[in-house]
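As the structure is a prediction and not an experimental result, all values here were calculated from the model.
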Amino acid sequence: MKKLLAIAFMLSGLMFITSCTEDSVDPDNGVTISGLTAAVSIENLGTYGPVTVTFEGADGLASVSLTKDGAAYGDTTFTGAPTASLEFGYTATEEDEDANIVFVFTATDADGDTESSTVVISVGEAVPPRETIVLSGIIDEDMTLTPEGFYELAGRVIVTGGATLTIEPGTIIKGRLGEGSNASVLMIARDGMIEAEGTAEKPIIFTSVNDNIALGALTGTNLTASDNQLWGGVVILGNAPISVEAGTSGQIEGVPASEPLGQYGGDNASHSSGIFKYVSLRHGGTTIDPVAGNDINGLTLGGVGSGTVISDIEIFANYDDGIEFFGGSVSVSNVLVYTVGDDALDVDQAYSGTIDNFMVFTSTAASSDEGLEIDGPEGSENASGKFTIKNGTITSVDGGGSGADFKSKAQGTVTNVKWANFTGGSTVKIRASFNADCTVKTDAMSHLTAGDLSFTTVEFAAIKVYSDQDCATELAAAQASAEASVTIGTATGVSDATVFNGWTAAAQGGLL
């Protein structure tokens, strides 16, 4: 046992006491914080505490930081101690009169695991927020989330059994850290419903527990567009047709096969999963299976039907795709995707809906892949579905990234879409496939030739046909055919960019 060491923040009433042992531990044990009450009240000019706050990190604590109302208030570093305690107190000033003061403690261990805990001190006549409500497991009865306090997603939360989850305008839901089966995800199963209808003044916000956003605020101050992979995402599953390799249903990507409620797809094209409107999803996209390359998208739509209303959606700083459509027929309008780690908009399995009025921002720094990644049907069932993508602008914020990739039998229409700010100009790729004798197989290129894939009023630098087969002569002919089939001109792009003003994290950060 090493000697106790006392370290003080340069703050009144705040002192750390750390201790450590030399016992060996397994890695990735995580961090815990205890001793704080989420909401307390004091008189004007009154004093709270001191209370003892304890941090535990079996892999060794690296640091603890404290913010007050989103601004840095103190921090300290450690060299591997598994436990630390502090005496925390606060005396209100005249500036605090009748206000809620938000303190956030964040502890990080040597492996980079992070945990945050918040205490709100209500001064004088300030109305204290209710304690954070933790959501976990199955929701099989109707539930309503309100904006009077935070909610936390602890692991996979599934709405099922005919239940409806209603989320009122201005509600903030924070996802806890975790990967694999421990990832924090809100999933609406095929037999569940969501009624999440925010407004431009009071959007519904999904973010990380590390976000210091205050109740009633539109954004916090401590996370940026480079902060992602801090929780999972939102998954909505429906009963609309999908085209998978076999059958008419499948297990949604990002949900383990052991979870039976992860099934999606059916025969009801007009099925409704509810409403998802004026919703901002931030800093998500955690890893599910690093070997298979499965990650959670900002918003995953699996077999979602046309009866579902989805509009005014922001995906901000997500690790994987922004929105991925696995079949289904739902239409989505007013979509903003800002710097994701994979594809901004990803279409699969003969999705037959419309994506209208969208803005996409890719980034080399964020490891963005394609602005659009478009695939078609995978099997013989429900193979006729064709997408419509229109009125969109795809911009590289730093010149890098790729414009679009149409592959795997992509079929549908692209109208009034503009690519901009790509170094050397943006390229739209079209995949061609050939048999062993270099005769043409069905793929995006053959659909382009047949008119099942079309581009109208599009603006980009070049079109490029590529193939996995070594058929140089046939590939050159396909390139010439593609250039003859697609007229590159001038497009206006997004028809109304003002719909993203004010309420989005990107707008709040001055990034639009």
Side-chain angles (χ1 to χ4, degrees), residues 158-165 185-197 233-255 257 259-277 279 296-313 315 321-335 343 345-356 358 372-390 408-413 452-453:
I158 306 176
V159 181
T160 186
T164 297
L165 178 65
V185 178
L186 175 62
M187 186 169 82
I188 313 302
R190 284 190 293 189
D191 60 351
M193 291 279 287
I194 185 164
E195 299 289 332
E197 188 169 3
V234 173
V235 178
I236 302 176
L237 307 179
N239 288 293
I242 64 174
S243 177
V244 289
E245 291 183 1
T248 57
S249 64
Q251 181 75 7
I252 197 66
E253 180 183 273
V255 176
E259 176 52 74
L261 293 173
Q263 286 285 301
Y264 69 103
D267 58 4
N268 185 1
S270 61
H271 177 253
S272 175
S273 297
I275 299 175
F276 206 66
K277 190 173 182 179
V279 180
I296 295 179
N297 308 303
L299 177 61
T300 299
L301 302 174
V304 178
S306 61
T308 309
V309 176
I310 301 180
S311 70
D312 301 281
I313 304 297
I315 312 296
D321 296 339
I323 304 179
E324 185 159 9
F325 301 79
F326 292 90
S329 50
V330 65
S331 291
V332 179
S333 61
N334 301 343
V335 176
D343 309 310
L345 298 174
D346 194 335
V347 168
D348 299 291
Q349 299 175 0
Y351 165 67
S352 60
T354 296
I355 304 171
D356 184 15
F358 64 92
L372 302 177
E373 182 171 278
I374 312 298
D375 296 273
E378 296 178 0
S380 59
E381 298 282 353
N382 303 320
S384 62
K386 296 181 180 180
F387 65 84
T388 299
I389 297 175
K390 63 181 184 178
S408 299
K409 306 177 184 178
Q411 53 191 30
T413 63
D452 292 319
L453 174 64

Q | Sole residue of Leu165, Thr160, Thr164 in side chain to side chain contact (heavy atoms under 4.5 Å, CB included) with Met193 | A |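 The option that passes is Thr164.
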Q. Do the side chain of Ser249 and the main chain of Gln263 share a donor and acceptor less than 3.5 angstrom apart?
A.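 Here the side-chain-to-backbone pair does not exist.
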Q. Is a side-chain donor or acceptor of Ser331 paired with a backbone partner of Thr354 at a separation under 3.5 angstrom?
A.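 Checked: pair present.
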Q. Run the side-chain contact (heavy atoms from CB on, under 4.5 Å) check on Ile188 and Phe276 step by step: do they pass?
A. CA-CA 11 Å; Ile188 313 302; Phe276 206 66; over 6 Å; no
Restricting to non-hydrogen atoms, name the atom on [X] and the atom on [Y] that form the minimum distance, rounded to 0.1 Å.
X: Pro241; Y: Asn268; result: CD-C, 4.1 Å
X: Ile315; Y: Gly298; result: CG2-CA, 4.1 Å
X: Leu345; Y: Ile374; result: O-CD1, 4.5 Å

Q: Using the side-chain contact (heavy atoms from CB on, under 4.5 Å) rule, take Val234 and Val279 through it: C-alpha gap first, then chi angles, then the decisive distance, then the call.
A: CA-CA 11 Å; Val234 173; Val279 180; over 6 Å; no
Q: Please step through side-chain contact (heavy atoms from CB on, under 4.5 Å) for the pair Val335 and Ser333, ending with a clear verdict.
A: CA-CA 6 Å; Val335 176; Ser333 61; over 6 Å; no
Please table the atom pairs, donor to acceptor, closer than 3.5 Å between any side-chain atom in residues 300-307 and protein atoms at least two apart or in another chain.
unit_1 : atom_1 : unit_2 : atom_2 : d
Thr300 : OG1    : Asn297 : ND2    : 3.0
Ser306 : OG     : Ala269 : O      : 3.2

Q) Using 30° and 60° as the class limits, which term best fits the ring planes of Tyr264 and Phe326: parallel, tilted or perpendicular? A)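 Perpendicular, since the angle between the ring planes exceeds 60°.
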Using a 3.5 Å cut-off and no angle test, enumerate the donor-acceptor pairs between side-chain atoms of residues 375-386 and protein atoms at least two apart in sequence or in another chain.
unit_1 : atom_1 : unit_2 : atom_2 : d
Asp375 : OD1    : Ser408 : OG     : 2.9
Asn382 : ND2    : Ile242 : O      : 2.9
Lys386 : NZ     : Asp452 : OD1    : 2.8

Q: Give the C-alpha distance, both sets of side-chain angles, the deciding distance and a yes or no for side-chain contact (heavy atoms from CB on, under 4.5 Å) between Phe358 and Val332.
A: CA-CA 9 Å; Phe358 64 92; Val332 179; over 6 Å; no
